[in-house]
Amino acid sequence: MAKKKKQAEEEIKNSKAKEASEQETEAEANTEVNEAKAEEPKADASEEKIKKLEEELTEQKDKYMRLAAEYENYRKRTSNEKLMIYDDATAKAVTELLPVADSVRMAIENMSDANPEVLKGIELISNQLSKSFEKLKIEEYGKIGDKFDPNLHNAISKIDSDDLGENEISQVFQKGYKIGDKIIRHAMVQVANCG
C-alpha cells in the first residue's frame with residue numbers, strides 16, 4: 001500500500017507539474033499575444049508621429065522657401081528703387097546744367113573767327129562738361145543722319161531732301177540727353193522725308 005500511495009503521490013506530482021507546465025506555457029503564449037497587441041498600437045502610433053513630423057517638416061520647408069523668395073524679391077525691388085532714385089536725382093541736377101552745355105556748344109559753333117586762345121578755353125570747358133556727364137552716365141544723343149524716333153526726338157520741322165533717307169534727322173537744334181532708359185531731355189530736330 002505504501003507503494004501505491006507513493007505511486008499515487010508521484011502521479012499527482014507529475015500531473016501537477018504537467019498542469020503547471022501547461023499553465024506556464026499558456027501564460028507565456030498569452031504574454032506574447034498581449035505584447036504583440038501592445039506593440040501594434042505603439043507601431044501605429046510611431047508611424048503616425050513620423051507622418052506628422054514629415055508633414056510639419058514639409059510645411060516648414062515650404063514656409064522657408066517662400067520667405068527666401070520674398071526676401072530675394074524685396075532685395076531686387078529695393079536695389080532697383082535705389083537705382084531709380086539715383087537716376088532721378090542725377091537727371092534733376094543735370095537738367096539745371098543743360099542750358100550751360102547748350103550755351104557753350106553755341107559759343108564754339110559761332111566763334112569761328114574769334115581769338116584762338118578764347119576758343120581753346122571754351123572748348124576746354126565743353127570737354128570738362130562732357131567728361132562730367134560721362135562720369136554721371138549721362139548719354140548725349142541726336143545727330144544728323146540718325147533715324148527719327150518719336151520716343152527720343154522732338155521733331156519741330158520737316159523737309160524734303162534727295163540727299164537724306166526717309167525719317168532721317170537733317171538738323172539738330174538741341175541735343176537730347178538720357179541716363180539709362182530715362183530721358184532727361186528730348187532732342188529737338190528737323191526730319192527729312194517723313195511720310
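- In this structure, NZ in Lys182 is found 13.0 Å from CG in Leu83, a value given to the nearest 0.5 Å.
- Using a 4.5 Å cut-off between side-chain heavy atoms of Ile, Leu, Val, Met, Phe, Trp and Tyr, with links allowed through other members, Val100 and Ile184 fall into the same hydrophobic cluster.
- Connection of Val189 to Ile156 is not established within any shared hydrophobic cluster, with ILVMFWY side chains joined at heavy-atom distances below 4.5 Å, either directly or through further cluster members.
- Rounding to the nearest 0.5 angstrom, the gap separating the CZ atom in Arg185 from the CG atom in Asn154 is 11.0 Å.
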* Report the C-alpha separation of Asp62 and Arg66 in whole Å, then their side-chain angles, then the decisive distance to 0.1 Å, and conclude whether the salt bridge (Lys or Arg N to Asp or Glu O under 4.0 Å) test is met. => CA-CA 6 Å; Asp62 186 49; Arg66 288 175 192 236; 3.0 Å; yes
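- In this structure, the side chains of Lys92 and Glu96 stay at 4.5 Å or more apart for every pair of heavy atoms.
- Taken from CD in Glu54 to NZ in Lys61, the straight-line distance is 10.5 Å, to the nearest 0.5 Å.
- Under the 4.5 Å side-chain heavy-atom criterion for grouping Ile, Leu, Val, Met, Phe, Trp and Tyr, Phe173 is not connected to Ile183 through any hydrophobic cluster.
- Contact of the Leu53 side chain with the Leu57 side chain is not registered, since no non-hydrogen atoms from C-beta on lie closer than 4.5 Å.
- A donor-acceptor contact shorter than 3.5 Å links the side chain of Asp146 to the backbone of Lys143.
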* To do: Go through the steps for Lys120 and Glu117 under the test salt bridge (Lys or Arg N to Asp or Glu O under 4.0 Å), then give the verdict.
  => CA-CA 5 Å; Lys120 189 175 180 180; Glu117 292 299 317; 5.4 Å; no
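- Taking OG from Ser103 and CD1 from Ile122, the interatomic distance works out to 10.5 Å, rounded to the nearest 0.5 Å.
- Environment of CG in Asp181: sparse, with no more than 12 heavy atoms of neighbouring residues, nucleotides or ligands closer than 6.0 Å.
- One finds a salt bridge joining Glu140 and Arg105 here, because a Lys/Arg side-chain nitrogen approaches an Asp/Glu carboxylate oxygen to under 4.0 Å.
- Counting all heavy atoms, side chain and backbone alike, Leu136 lies closest to Ile179 at O-CD1, 3.6 Å.
- No salt bridge links Asp87 with Lys178; every basic N to acidic carboxylate O contact stays at or beyond 4.0 Å.
- Of all the heavy atoms in Val191 and Ala155, the pair that sits closest is CG2-CB, 3.6 Å.
- Cluster annotation: Met188 and Ile169 are assigned to distinct hydrophobic clusters (Ile/Leu/Val/Met/Phe/Trp/Tyr, side-chain heavy-atom contacts under 4.5 Å, transitive).
- Residues Gly142 and Lys175 approach most closely at O-NZ, 3.2 Å, considering heavy atoms.
- Nearest heavy atom pair, residue Gln171 against residue Ile144, reads CA-CG1, 4.1 Å.
- One N or O on the side chain of Thr90 and one on the backbone of Tyr86 form a donor-acceptor pair closer than 3.5 Å.
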* Can Leu98 and Val94 be said to form a side chain to side chain contact (heavy atoms under 4.5 Å, CB included), step by step? -> CA-CA 6 Å; Leu98 292 182; Val94 168; 3.9 Å; yes
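- Ring centers of Tyr141 and Tyr177: at least 6.0 Å apart, outside the cut-off.
- His153 approaches Lys147 most closely through the heavy-atom pair CE1-O, 3.5 Å.
- Thr58 OG1 to Gln60 CD: the interatomic distance, rounded to the nearest 0.5 Å, is 10.0 Å.
- For Met84, the CE atom is loosely surrounded, since the number of other residues' heavy atoms within 6.0 Å does not exceed 12.
- Summarising the geometry, atom CD belonging to Glu56 is positioned 9.5 Å from atom NZ belonging to Lys63; distances are rounded to the nearest 0.5 Å.
- With salt bridges taken as basic N to acidic carboxylate O contacts below 4.0 Å, none links Lys51 and Glu48.
- Between the side chain of Ser170 and the backbone N or O of Gln190, at least one donor-acceptor pair lies under 3.5 Å.
- Ile138 and Val172 fall into different hydrophobic clusters, defined by Ile, Leu, Val, Met, Phe, Trp and Tyr side-chain heavy atoms under 4.5 Å apart, directly or through other members.
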